Trainee: 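So that we are looking at the same thing, I have put the structure below in structure tokens.
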Amino acid sequence: MNIFRHFEERVEAALASLAAEGALPAGLDTSRVAVEPPRDPSHGDLSTNAAMVLAKPAGLNPRALAEKLAAKLKAEPSVTEVAIAGPGFINLRLNDDIWRAGIPEILRAGVGAGSSDLGAGEAVNVEYVSANPTGPMHVGHVRGAVFGDALANLLEKVGYRVCREYYINDAGGQIEVLARSAFLRYREALGETITIPEGLYPGDYLKPVGQALKAEHGPALAQMDEAQWLPIVRDTAIDAMMELIRGDLSVLGITHEVFYSERALHKSGAVEKTLKLLEDKGLIYTGVLEAPKGEQSDDWEARPQTLFRSTQFGDDTDRALKKSDGSWTYFAPDIAYHLDKYNRGYRTLIDVWGADHSGYIKRVKAAVAAVTDGKAEIDVKVCQLVRLFRNGEPFKMSKRAGDFITLRDVVDEVGKGVTRFMMLTRKNDAPLDFDFAKVMEQSRDNPVFYVQYAHARIHSVLRNAKEAGVADLSDGALAGADLSLLKDEAELGLIKLMGAFTRSVEQAALAHEPHRIAFYLYDLASAFHGLWNKGKDEPGLRFIIAEDRNVTLARLALIRAAAYVIAAGLEILGVEPAEEMR
RNA sequence: GCACCGGUAGCUCAGCUGGAUAGAGCAUCAGACUACGAAUCUGAGGGUCGGAGGUUCGAAUCCUUCCCGGUGCACCA
């Protein structure tokens with residue numbers, strides 16, 4: 001049970017009954033009423049702002065309304081104390097048993113702890129990574145990939161039906177560059193000595209593509225005109241690059257359900273159809289855009305183009321759908337793509353992009369609004385840059401041809417779990433520092449280690465408990481423990497924090513902010529480590545008390561539950577919990 | 001010039017979509033191991049929440065306007 005949500009319902013019920021008695025006007029908007037943990041635990045277990053929020057519309061003094069509401073809430077069975085504080089907060093103190101009851105629930109749920117039905121099965125589309133299929137993934141892609149994947153996990157956790165999607169930009173000019181680069185490697189495979197000119201991709205990763213082309217086609221391609229060989233080489237190269245990318249993603253544990261091809265949109269006529277749709281809405285015209293104000297580009301000249309009236313939807317300028325030569329811009333098929341998502345039934349769309357695309361947000365939001373008549377929500381999450389360090393020194397990124405740090409370089413050095421966790425220790429729109437040495441440090445200021453250590457310590461206790469002769473450590477047996485024996489402030493603090501897990505997960509999901517899970521886990525680990533050390537000062541608080549089986553069982557239940565919550569949280573982040581630190 | 005994102009303790013950052021006396025880690029200082037792993041914990045000091053206005057019962061959070069840093073600014077993808 002989510003205690004916070006339960007009490008939100010109780011507050012609503014109390015308000016309704018006040019309304020029925022005529023003490024409140026009927027039909028008040030209660031959407032701003034919240035039940036939260038108070039910032040200062042000494043104020044109680046729960047706090048509601050209901051009286052302050054509703055005082056004005058009800059035409060009442062906040063404290064007077066609080067008095068009435070407090071009287072109702074006092075009657076709730078699990079409420080032991082009601083206090084009115086400050087400008088009209090109502091603080092509730094609950095019977096500790098209602099918090100303790102969370103432990104057997106967690107033990108039953110296991111790593112399913114924290115799940116909820118908030119999303120009610122609603123379909124959500126999360127598009128992330130979508131790196132151009134022109135080479136292996138590099139370090140700049142990692143954050144967005146991890147973020148998108150964790151966000152998808154998070155939404156699933158609270159009951160959304162999530163589609164993980166990758167948009168393949170397989171139609172632009174960079175694909176021709178890829179094809180020409182691969183063709184060179186093909187000629188190399190045939191025995192020619194090649195030099196790779198400026199502007200083509202020099203990376204070694206295209207060598208196998210050249211070999212594959214040779215194996216399949218022999219020398220035949222070399223006899224053809226570019227117009228003939230290019231489509232062949234292109235298709236082979238794209239397939240090979242997507243294979244490469246899928247492999248890279250798999251080392252981070254990422255799998256997309258849908259890979260959506262931009263070229264398919266062109267082929268199917270979806271782009272024309274979308275343009276027609278916009279035309280029918282009167283949102284298309286031919287015009288000339290103003291010169292950009294930034295650094296002057298020499299080759300700018302005024303040209304009439306097919307434009308979309310995105311300014312009608314809040315964009316800064318109208319946007320080109322066709323280039324001056326009449327071919328589509330990148331934007332045109334992207335509109336068709338988002339419309340396609342809508343037509344596949346998604347009303348909530350989430351795009352995860354790198355910081356360098358932030359200037360593109362408004363036009364896509366405008367396009368989605370236009371093309372769906374405002375019926376779809378689109379949230380664009382931009383991941384800021386990751387700054388790389390080693391021992392505090394900025395990492396020198398060579399700009400030389402083909403020389404970059406890949407996703408695999410990172411994962412090979414620090415591992416999947418550390419990479420994923422670290423990428424989620426900042427909110428997405430703040431830059432992130434990633435120090436190869438620091439993330440491997442075993443100390444409190446490394447959150448991955450700190451959280452994993454808490455989990456490992458719990459398992460260490462459980463191993464010791466077995467040796468100390470606790471016969472049945474099953475979840476069922478622990479769930480039956482007499483939890484009223486958990487009375488210490490530190491124990492209850494841990495219990496209450498776990499009781500807020502579901503709420504934290506839901507809040508993180510609604511905000512589309514997986515980093516909050518990482519911070520929650522750090523807090524939980526801190527509460528656990530604190531309890532552990534308290535047992536050093538006061539031996540009576542140790543988890544395993546040889547002469548008191550009941551207390552031992554209760555405490556093992558507590559920490560077993562804590563381990564499940566940590567594991568559940570880590571699962572959202574896509575990190576495997578450690579049972580031992582090595 | 002415009003847009004977007006940041007600006008919170010000496011440093012790195014949270015701050016639960018407007019709540020109460022703004023919180024963590026690092027660093028500094030003072031403490032806790034004959035150990036369920038001290039790889040940890042307890043405590044102390046440290047703040048004009050970039051500046052100035054505004055909105056209201058109440059602002060780090062919303063609005064306006066400046067300042068600083070980052071990112072991006074026709075047809076690229």
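No experiment lies behind these values; they were computed from the predicted model shown. Here is the naming used below: chain letters follow the sequence lines, and residue numbers restart at 1 for every chain.
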Trainee: Select one nucleotide: of B:rA20, B:rC5, B:rC57, the one nearest the side-chain heavy atoms of A:Ser47.
Mentor: B:rA20

Trainee: Taking atom NZ of A:Lys534 as the centre, does the number of heavy atoms from other residues, nucleotides or ligands within less than 6.0 Å exceed 12?
Mentor: yes

Trainee: Please classify the nucleic acid contact of A:Arg426 as base, sugar-phosphate, or nothing, using heavy-atom distances under 4.0 Å.
Mentor: sugar-phosphate

Trainee: For a quick check of understanding: with a heavy-atom distance under 4.0 Å over all strands, which category does A:Lys56 fall into, base, sugar-phosphate or nothing?
Mentor: sugar-phosphate

Trainee: Nearest of B:rG19, B:rA14, B:rA20 to any side-chain atom of A:Ala85?
Mentor: B:rA20

Trainee: At 4.0 Å (heavy atoms only), tell me whether A:Glu301 reaches a base, stays on the sugar-phosphate, or touches nothing.
Mentor: base

Trainee: Check this for me: does any side-chain nitrogen of one of A:Arg555 and A:Glu491 sit under 4.0 Å from a carboxylate oxygen of the other?
Mentor: yes

Trainee: For B:rC73, which nucleotide is its Watson-Crick or G-U wobble mate, given both distances must be under 3.5 Å?
Mentor: B:rG1

Trainee: Of the listed nucleotides (B:rA35, B:rU40, B:rA20), which one gets closest to any side-chain atom of A:His43?
Mentor: B:rA20

Trainee: If you look at every strand shown and take non-hydrogen atoms under 4.0 Å, does A:Tyr522 touch a base, only sugar-phosphate, or nothing?
Mentor: sugar-phosphate

Trainee: Taking only side-chain nitrogens and oxygens of A:Trp532, does any of them come within less than 4.0 Å of OP1 or OP2 of B:rA38?
Mentor: yes

Trainee: So, are A:Asp433 and A:Arg387 salt-bridged, with charged N and O less than 4.0 Å apart?
Mentor: yes

Trainee: Please determine, for the side chain of A:Arg457, which listed nucleotide (B:rA14, B:rG23, B:rA38) has the closest atom?
Mentor: B:rA38

Trainee: Under 3.5 Å, is there an N or O donor on one side and an acceptor on the other linking the side chain of A:Asp40 and the base of B:rU21?
Mentor: no

Trainee: Under 4.0 Å, heavy atoms only, any strand: does A:Phe519 hit a base, just the sugar-phosphate, or nothing?
Mentor: sugar-phosphate

Trainee: On the nucleotide B:rC41, are OP1 or OP2 found under 4.0 Å from the side-chain N or O atoms that A:Lys534 carries?
Mentor: no

Trainee: Does B:rG6 have a Watson-Crick or wobble mate here (both distances under 3.5 Å), and if so which one?
Mentor: B:rC68

Trainee: How would you label the contact of A:Asp325 with the nucleic acid (heavy atoms, under 4.0 Å): base, sugar-phosphate, or nothing?
Mentor: nothing

Trainee: Ignoring hydrogens and angles, are the base of B:rC26 and the side chain of A:Arg444 linked by a donor-acceptor pair under 3.5 Å?
Mentor: no

Trainee: Select one nucleotide: of B:rC76, B:rG23, B:rG18, the one nearest the side-chain heavy atoms of A:Arg32.
Mentor: B:rG18

Trainee: Please report the distance, rounded to the nearest Å, between CG in A:Asp435 and P in B:rC26.
Mentor: 16 Å

Trainee: Would you confirm whether A:Thr48, through its side chain, and A:Ala34, through its main-chain N or O, come within 3.5 Å as a donor-acceptor pair?
Mentor: yes

Trainee: Heavy atoms only, 4.0 Å cut-off, all strands: where does A:Pro62 land among base, sugar-phosphate and nothing?
Mentor: nothing

Trainee: Do the side-chain N and O atoms of A:His338 and A:Asp351 include a donor-acceptor pair separated by under 3.5 angstrom?
Mentor: yes

Trainee: Look only at the side chain of A:Arg420 and the backbone of A:Leu573, and say whether a donor-acceptor pair between them is shorter than 3.5 Å.
Mentor: yes

Trainee: Consider the side chain of A:Asp445, meaning its heavy atoms from C-beta on, and name the nucleotide among B:rC5, B:rC26, B:rU17 that approaches it most closely.
Mentor: B:rC26

Trainee: Report which part of the nucleic acid A:Lys362 touches: base, sugar-phosphate, or nothing (heavy-atom distance under 4.0 Å, all strands).
Mentor: sugar-phosphate

Trainee: What contact category does A:Ser460 fall into here, base, sugar-phosphate, or nothing, at under 4.0 angstrom with non-hydrogen atoms?
Mentor: base

Trainee: Heavy atoms under 4.0 Å, any strand shown: does A:Leu510 hit a base, just sugar-phosphate, or nothing?
Mentor: base

Trainee: From C-beta outward on A:Val53, which listed nucleotide comes closest to its side chain: B:rC16, B:rG19, B:rA35?
Mentor: B:rG19

Trainee: Measure distances between side-chain N and O atoms of A:Asp523 and base N and O atoms of B:rA24, and say whether any donor-acceptor pair falls under 3.5 Å.
Mentor: no

Trainee: Just N and O in the side chain of A:Lys427: are any of them under 4.0 Å from OP1 or OP2 of B:rC13?
Mentor: no

Trainee: Side chain of A:Met52, heavy atoms from C-beta onward: which of B:rA14, B:rU40, B:rC57 has the nearest atom to it?
Mentor: B:rC57

Trainee: So, A:Phe89 and B:rA20: ring centres less than 5.5 Å apart, planes less than 30° off, yes or no?
Mentor: yes

Trainee: Between B:rC16, B:rG6, B:rC13, which nucleotide gets closest to the side-chain atoms of A:Asp433?
Mentor: B:rC13

Trainee: Which nucleotide, if any, forms a Watson-Crick or G-U wobble pair with B:rA35, using both distances under 3.5 Å?
Mentor: none

Trainee: When we call it a touch if two heavy atoms are under 4.0 Å apart, what does A:Arg555 touch: a base, just sugar-phosphate, or nothing?
Mentor: nothing

Trainee: Report the nucleotide, chosen from B:rC26, B:rA20, B:rU17, that has the shortest atom-to-atom distance to any side-chain atom of A:Glu36.
Mentor: B:rU17

Trainee: A:Ser324 near the nucleic acid: base, sugar-phosphate alone, or nothing, with a heavy-atom cut-off under 4.0 Å?
Mentor: base

Trainee: Please list each protein N or O that sits under 3.5 Å from an N or O in nucleotides 68-71 of chain B, with the distance.
Mentor:
from, atom 1, to, atom 2, distance (Å)
B:rU71, O2', A:Ala355, O, 3.2

